Asker: 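Before I ask anything, let me first share the structure, which is written out below as C-alpha cells.
Bear in mind that the values here come from a model prediction, so they are computed numbers and not experimental data. Counting starts at 1 for both ligands and their atoms, following the listed order. No hydrogens, no waters, no symmetry mates; every other heavy atom, side chains included, goes into these values.
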Amino acid sequence: MDKIVVAGGQPLSGSIATSGAKNAALPIVIATLLAPGEHRLTNLPELVDVSSTLSLLGRIGCPSLLGESSTRIDTSRIAFSEAPYDVVRKMRASVLVLGPLLARHGECKVSLPGGCAIGVRPIDQHLKGLEALGARFELSGGYVHGYADGLVGAEIQLDMPTVTGTENILMAATLAEGTSVIHNAAREPEIVDLASFLRSLGADIQGDGTATITVHGVPRLTPASRPYRILPDRIEAGTYLCAAAVAGGEVTVTDVNPQDLLPVVMKLREAGCSVEIGDHEVTCRRDGPLQAIHVDTQPHPGFPTDMQAQLMAVAAIARGTSQFRENIFENRYMHAAEMLRMGARIDVQGRVATVTGVERLTGAQVMASDLRASAALVLSGLAAEGITEVLRIYHLDRGYENLVGKLRGVGAHVGRVSDDVTDRAALQRAAVAAG
Ligand code: EPZ
C-alpha cells in the first residue's frame, strides 16, 4: 500500500485543471443502462470509483472502452441484473443501478450498502420512491430483490433531499408511464448534470436543480448522437482552493462552474482569503493570517458536507475559535482525531466541533478514514512543520485524480511512497524531489 508524504511550509503558486465530477460521473455512467446502444462520455475522471462502476456495468453485460478522448459504453444487452456485496460494500453508489434496472429490465438484485466510515447510509428513501412507481422489494440475505412489470408515474415526497435517492427515482421515472413529481428533491449541480444527460437520451424532465422535479415518462430512451461531457468537480476544485488557504500563496482552479463553488468561496473570504471569480476559473490567495469561521453543512445550495473536513484544516490554523456543525452525516469528524496528532485543538461534541486555531501544526503520521478526511489531512500537512505521512490513501484514490501531481504542479512538496518507507531522509526526498 502507498502513503502520501508532505513536507510542510511551502506556499503554493499556480493553476490546477479541474477533473470531471465523481458524483456526476457515477450516476451518469449508470444511467446509460436506461438506453440500449453505444454511449460516449468525455471528461470522465480517472478514479477508482469510476472504474469500479464501469466494471460493475461490465458484469451486468455492458462493456466499456476507455479511449483517448472519450469512454464508450455499450448497453445493448443486459445479461445479469445484480450488484453484488463485494462491489456495493466498497462503493455505495452502486445502489444507483436499482432505478435503471427496474425501469429497463423489470428485475434487479442489489446488495444493501451497509454502513461506511461517515455513517449508516440507509437507502429507505430510494426504496420508498421506487415502490411509489410500482416496484416491489424483498429483503433477504443482505440483498434487495426488486421487481417491476412496468413502472407508473407517481407523486413522491422525500423525507430529506437525498442526492442518490433523488437520482435513483429520477432515472426510473424517465421510463415510467405517465408523469412523476419528486418533492423535496436534492438540488446539487450533479443532479442537474444527470438530468441534462438524461435529456440527451430523450427524457422529458423539468425542475432539476429545484426542490420539485417533474418527469413525463417516455416509452424508450436512445443513446445521444454526440458525446456527453461530465460536469467539473466542485468538491475537487474547492479542495485545492483550501490548499492555498492552508499553505498560503495563490491557486487558480480552471475549468470550473464558479456558481457551484459559491458556498465555499464565501467561506474562504470569511476566513480572510481573497477569492476572485472568473468565467470558468476561481483564484484563492492567502497572504495574511486566517480568521475563525462558522461552518454549518446543509443540502445544496447550503455549505456542502463534502467540504467540511477541508475547511477544518483551514480553521485549525486560523486566529480564534471556529465552530462546525455537521448536519448531514452522523460521523464525519474522523479527521479531527488525526489533526489532534498534528497539534490541532479540536473538541467534538456529537455533531458540533469547536476548533481553536493554533500558530502552527507539526508533521505526524496520520490515518485517512474517508475520502474527504484524507484530503483534509494532506492539506494540514501543507501547513505543518516537518514531515506528515498520510496512510491508507486508497480512500483518496476513490475521488481525487492525480492529487499528488496536481499539488506538485503548484509547488507543494508532496510525494507518494510505499508505506514501508520509514527513513526520514528518504521521506523528505520523496516529498521534495519533484517539488
Ligand atoms: C451523496 O451521497 C454523495 N455521494 C456524497 O459524497 C455526499 O456527501 C452526499 O450525497 C451529501 O451531499 C454521491 O453522490 C455518490 P444522501 P448520498 O443520500 O446520496 C440520509 C463524497 O465524499 N438518507 O444525500 O449517499 C443519509 O443517511 C461522498 O463524494 C436516509 O436516511 O447522501 C444522510 O444522513 C460522501 N435515507 C442524508 O440522508 C436514504 O434513503 C444525506 O444522504 C438516503 C439518505
Side-chain angles (χ1 to χ4, degrees), residues 19-31 45 47-50 52-53 56 88 90-99 110 112-132 137 139 144 156-171 182 184-194 211 230-231 233-239 260 263-264 297-310 325-332 334-335 351 368-376 395-401 403:
S19 302
K22 168 179 83 78
N23 292 347
L26 301 184
I28 286 173
V29 164
I30 290 173
L47 300 171
V48 167
D49 275 9
V50 172
S52 302
T53 305
L56 173 59
V88 180
K90 283 180 284 201
M91 189 185 62
R92 159 190 167 70
S94 320
V95 297
L96 284 169
V97 300
L98 277 170
V110 175
L112 282 167
C116 75
I118 61 177
V120 173
R121 313 291 298 274
I123 60 167
D124 57 295
Q125 301 294 305
H126 300 233
L127 303 181
K128 179 179 134 184
L130 294 170
E131 281 170 343
F137 294 105
L139 302 191
V144 175
I156 291 145
Q157 171 73 36
L158 293 173
D159 294 348
M160 83 289 296
T162 155
V163 173
T164 48
T166 301
E167 292 167 344
N168 235 333
I169 297 161
L170 171 61
M171 289 190 284
I182 307 171
N184 198 18
R187 300 166 56 185
E188 274 70 4
E190 292 75 26
I191 302 268
V192 176
D193 205 35
L194 172 61
I230 302 289
L231 169 85
D233 194 322
R234 62 191 168 105
I235 305 300
E236 182 203 22
T239 302
D260 294 346
V264 175
T297 66
Q298 297 292 344
H300 193 76
F303 186 88
T305 174
D306 290 350
M307 284 298 306
Q308 177 256 107
Q310 299 92 312
R325 173 177 282 280
E326 173 51 63
N327 297 303
I328 307 295
F329 291 110
E330 64 270 27
N331 187 34
R332 204 170 195 175
M334 310 271 273
H335 44 284
R351 291 198 177 237
S369 54
D370 65 272
L371 170 54
R372 308 306 175 181
S374 329
H395 291 291
L396 263 180
D397 294 336
R398 294 189 48 190
Y400 284 93
E401 183 178 6
L403 177 132

Asker: Are the side chain of Asn168 and the backbone of Gly99 linked by a donor-acceptor contact shorter than 3.5 Å?
Answerer: yes
Asker: Starting from atom 36 (N) of ligand 1, what is the nearest protein heavy atom, named by residue and atom, and what distance separates them?
Answerer: Asp124 OD1, 2.8 Å
Asker: Can you find an N or O of Glu330 that's nearer than 3.5 Å to an N or O of ligand 1?
Answerer: no
Asker: Look only at the side chain of Glu167 and the backbone of Leu96, and say whether a donor-acceptor pair between them is shorter than 3.5 Å.
Answerer: no
Asker: Can you tell me if Pro122 contacts ligand 1 (heavy atom of the residue under 4.0 Å from the ligand)?
Answerer: yes
Asker: Give the residue and atom name of whichever protein heavy atom lies nearest to atom 17 (P) of ligand 1, and the separation in Å to one decimal.
Answerer: Thr164 OG1, 3.6 Å
Asker: Look at the side chain of Glu188 and the backbone N and O of Ile191, then say whether any donor-acceptor pair between them is shorter than 3.5 Å.
Answerer: no
Asker: Side-chain contact test, heavy atoms from C-beta onward, threshold under 4.5 Å: evaluate it for Val163 versus Asn23 and give yes or no.
Answerer: no
Asker: Ignoring hydrogens, just give me the one of Asp159, Thr305, Ile328, Asp233 whose non-hydrogen atom is nearest atom 41 (C) of ligand 1.
Answerer: Ile328
Asker: Considering heavy atoms of the protein only, find what lies nearest to atom 2 (O) of ligand 1 and give residue, atom and distance to 0.1 Å.
Answerer: Arg121 NH2, 3.5 Å
Asker: Do me a favour and list the nearest non-hydrogen protein atom to atom 18 (O) of ligand 1 with residue, atom name and distance?
Answerer: Thr162 OG1, 2.7 Å
Asker: Between Lys22 and Glu401, is the salt bridge (Lys or Arg N to Asp or Glu O under 4.0 Å) condition met? List the steps.
Answerer: CA-CA 10 Å; Lys22 168 179 83 78; Glu401 183 178 6; over 6 Å; no
Asker: Testing Gln308, His300, Met307 one by one against Pro304 for a side chain to side chain contact (heavy atoms under 4.5 Å, CB included), which residue passes?
Answerer: Met307
Asker: What atoms in ligand 1 come closer than 4.0 Å to a heavy atom of Arg332?
Answerer: 8 (O), 22 (O), 35 (C)
Asker: For ligand 1, note which part of Val163 has a heavy atom under 4.0 Å away: side chain, backbone, both or neither.
Answerer: both
Asker: Taking only heavy atoms of Arg92 into account, list the atoms of ligand 1 that are under 4.0 Å away from them.
Answerer: 25 (O)
Asker: By number and element, which atoms of ligand 1 are closer than 4.0 Å to a non-hydrogen atom of His126?
Answerer: 40 (O)
Asker: Please could you name the atoms of ligand 1 that Gln125 approaches to less than 4.0 Å, counting only its heavy atoms?
Answerer: 36 (N), 39 (C), 40 (O)
Asker: With heavy-atom distances below 4.0 Å as the criterion, list the atoms of ligand 1 near Lys22.
Answerer: 21 (C), 29 (O)
Asker: Considering heavy atoms of the protein only, find what lies nearest to atom 8 (O) of ligand 1 and give residue, atom and distance to 0.1 Å.
Answerer: Asp306 OD1, 2.6 Å
Asker: Students should be able to answer this: which protein heavy-atom is nearest to atom 23 (N) of ligand 1, and at what distance?
Answerer: Met160 SD, 3.8 Å
Asker: With rounding to the nearest 0.5 angstrom, report the CG to CE distance, Asn327 to Met160.
Answerer: 13.0 Å
Asker: Using 0.5 Å steps for rounding, measure from the CG atom of Asp306 to the OG1 atom of Thr239.
Answerer: 9.0 Å
Asker: Going through the distances and angles, do Tyr400 and Arg372 end up as a side chain to side chain contact (heavy atoms under 4.5 Å, CB included)?
Answerer: CA-CA 9 Å; Tyr400 284 93; Arg372 308 306 175 181; 3.1 Å; yes
Asker: Is there a donor-acceptor contact under 3.5 Å linking the side chains of Thr305 and Arg332?
Answerer: yes
Asker: Would you mind checking which non-hydrogen protein atom is closest to atom 32 (O) of ligand 1, with the distance to 0.1 Å?
Answerer: Phe329 CZ, 3.9 Å
Asker: Answer with side chain, backbone, both or neither: which part of Asp370 has a heavy atom less than 4.0 angstrom from an atom of ligand 1?
Answerer: neither
Asker: Is there a donor in the side chain of Asp370 and an acceptor in the side chain of His395, or the other way round, less than 3.5 Å apart?
Answerer: no
Asker: Could you grab the distance from atom CG of Leu158 to atom NZ of Lys128, nearest 0.5 Å is fine?
Answerer: 6.5 Å
Asker: Mark up the atoms of ligand 1 that fall under 4.0 Å of a heavy atom belonging to Asn23, in ascending order.
Answerer: 3 (C), 4 (N), 6 (O), 13 (C), 14 (O), 15 (C), 21 (C), 29 (O)
Asker: At a 4.0 Å threshold, what atoms of ligand 1 neighbour a non-hydrogen atom of Arg372?
Answerer: 21 (C), 22 (O), 29 (O)
